[in-house]
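Input: a single structure, listed below in structure tokens.
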Amino acid sequence: MPRRTATMLASTLMLIALLCAGVFIPVPYSEMSPGPTVNTLGDHDGEPVLQISGHKTYEASGHLNMTTVRVTSAEYKMNLVEAVYGWLAHDNSVVPHETLYPDGKTEEEATQENAEEFSHSQETAKVAALKALDIPVKSWVIVSAVVKDSPAQGRLHAGDVIKAVDGTTVKKPADVAELVTKHEPGQDTVFTIVPAKEQAAAEKEGRTATKTRKVTITTETSDDAGEKRAVVGISAGTDHTFPFEIDIKLADVGGPSAGLMFALGIYDKLTPGDLTGGKFVAGTGTIDDSGKVGPIGGIGMKTIGAHDKGARYFLTPADNCAAAAEDTPDGLTLVKVDTIDDALGALKDIRSGKAADLPKCTEG
């Protein structure tokens, strides 16, 4: 066989072998891509996304779209060819598998966690919107979860209202950990609580829950990041009672990143006129009870999804601005927001035609 022919044959066989290896050898990566965007002011699957009863509402035009990211499943095994294609594609992002599924998290565990975060984001969105409108919201600290085989198991239950720890009134979830960790491991701490059933009955009957009980729990040692401290094995959270009913109807979505847009949608529905002035605004960001906007993941995929849907403005958490500005879709203005008040101010400029006054995201 001529040397040239042999060389070409060998090269072809090697290329085939490499392609086969690329197709069949899995790599530890996952893929993110733009997901659906949903107008919080409109309908989804035939029903309004925001349903409010017991309070006057107003028609709202324009768009306040929440944005999402699609991700490959925990069980999906990406091969080298797919990874290279994803790295080269503009509208996809290939990331280490552990970024989306840390600590070997399963698909079921990730879905459950995302559902819990989504539910929590709806609650904080309601609180932030009503507080921005100066509508009172009753709030209290609760046991949000009890760790299995911990000292608190069987003594405290999810939904119990924590009134005090060691006689000191609890005003926010962080107070619980602060008071417990004042102890040495092995010491007793006393919780004053309203049992979950009593609290639920009080809410149903429209009264204040007054039936409390004291629970003594012996602390144990937690070695968290090398720091030994006293714990009882609970996580504390916040629960609320709203003065009227607000339901958010949106299935098959998870995570906390729609909080800001839900809050703005609720605000728009409860006030006359249009926040957007009929413009197409999209955005993302977590939100807490005080209206503080937090960063999210997949910002590049969300700006692409919003742009492709028709958005002209994108409300961007301040901490995501630099990353989002690195590759801004043409025709999309990235608006920097740090609080719900920032977002409301930006929307005022948008509907007034004062785009030049908007606080825009910049690189670096």
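None of the values given here were measured: they were computed from a predicted structure.
The aromatic rings of His55 and Phe244 are tilted relative to each other, their planes meeting at an angle between 30° and 60°.
Among the candidates Val143, Val232, Ile234, the single residue satisfying the side-chain contact (heavy atoms from CB on, under 4.5 Å) test with Val176 is Ile234. Each of Thr316, Thr286, Asp342, Val337 was compared with Leu260 under the side-chain contact (heavy atoms from CB on, under 4.5 Å) criterion, and only Val337 meets it. Residue Ile193 is tested with Val170, Leu156, Val161, Ile142 for a side-chain contact (heavy atoms from CB on, under 4.5 Å); the sole match is Leu156.
A 6.0 Å sphere centred on CD of Glu205 holds more than 12 heavy atoms belonging to other residues, nucleotides or ligands. At most 12 heavy atoms of other shown residues, nucleotides or ligands fall within 6.0 angstrom of atom CZ in Arg312.
Glu198 has no carboxylate O lying under 4.0 Å from a charged side-chain N of Lys163, or vice versa, which leaves the two without a salt bridge.
No side-chain donor from either of Asn39 and His44 sits under 3.5 Å from a side-chain acceptor of the other. For Thr218 and Asp188, the side-chain atoms include at least one donor-acceptor pair closer than 3.5 Å.
Tyr58 carries Lys56 over the face of its six-membered ring, with the cationic atom under 6.0 Å from the centre and within 45° of the normal.
Expressed to the nearest 0.5 Å, how far NZ of Lys126 lies from NE2 of His240 amounts to 9.5 Å. Atoms CD and OG1, on Glu123 and Thr238 in that order, are 11.0 Å from each other to the nearest 0.5 Å.
Distance alone, capped at 3.5 Å, is enough to place a donor-acceptor pair between the Thr219 side chain and the Gly186 backbone. Without hydrogens or angle criteria, Asn320 side chain to Ile296 main chain gives a donor-acceptor distance under 3.5 Å.
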Begin with the C-alpha distance, continue with both residues' side-chain angles, and end with the deciding distance and a verdict on salt bridge (charged side-chain N to carboxylate O under 4.0 Å, His left out) for Lys292 and Asp338. CA-CA 6 Å; Lys292 172 72 174 176; Asp338 197 44; 2.7 Å; yes
Ile52 vs Glu245, test: side chain to side chain contact (heavy atoms under 4.5 Å, CB included). Steps then yes/no. CA-CA 6 Å; Ile52 301 173; Glu245 190 171 351; over 6 Å; no
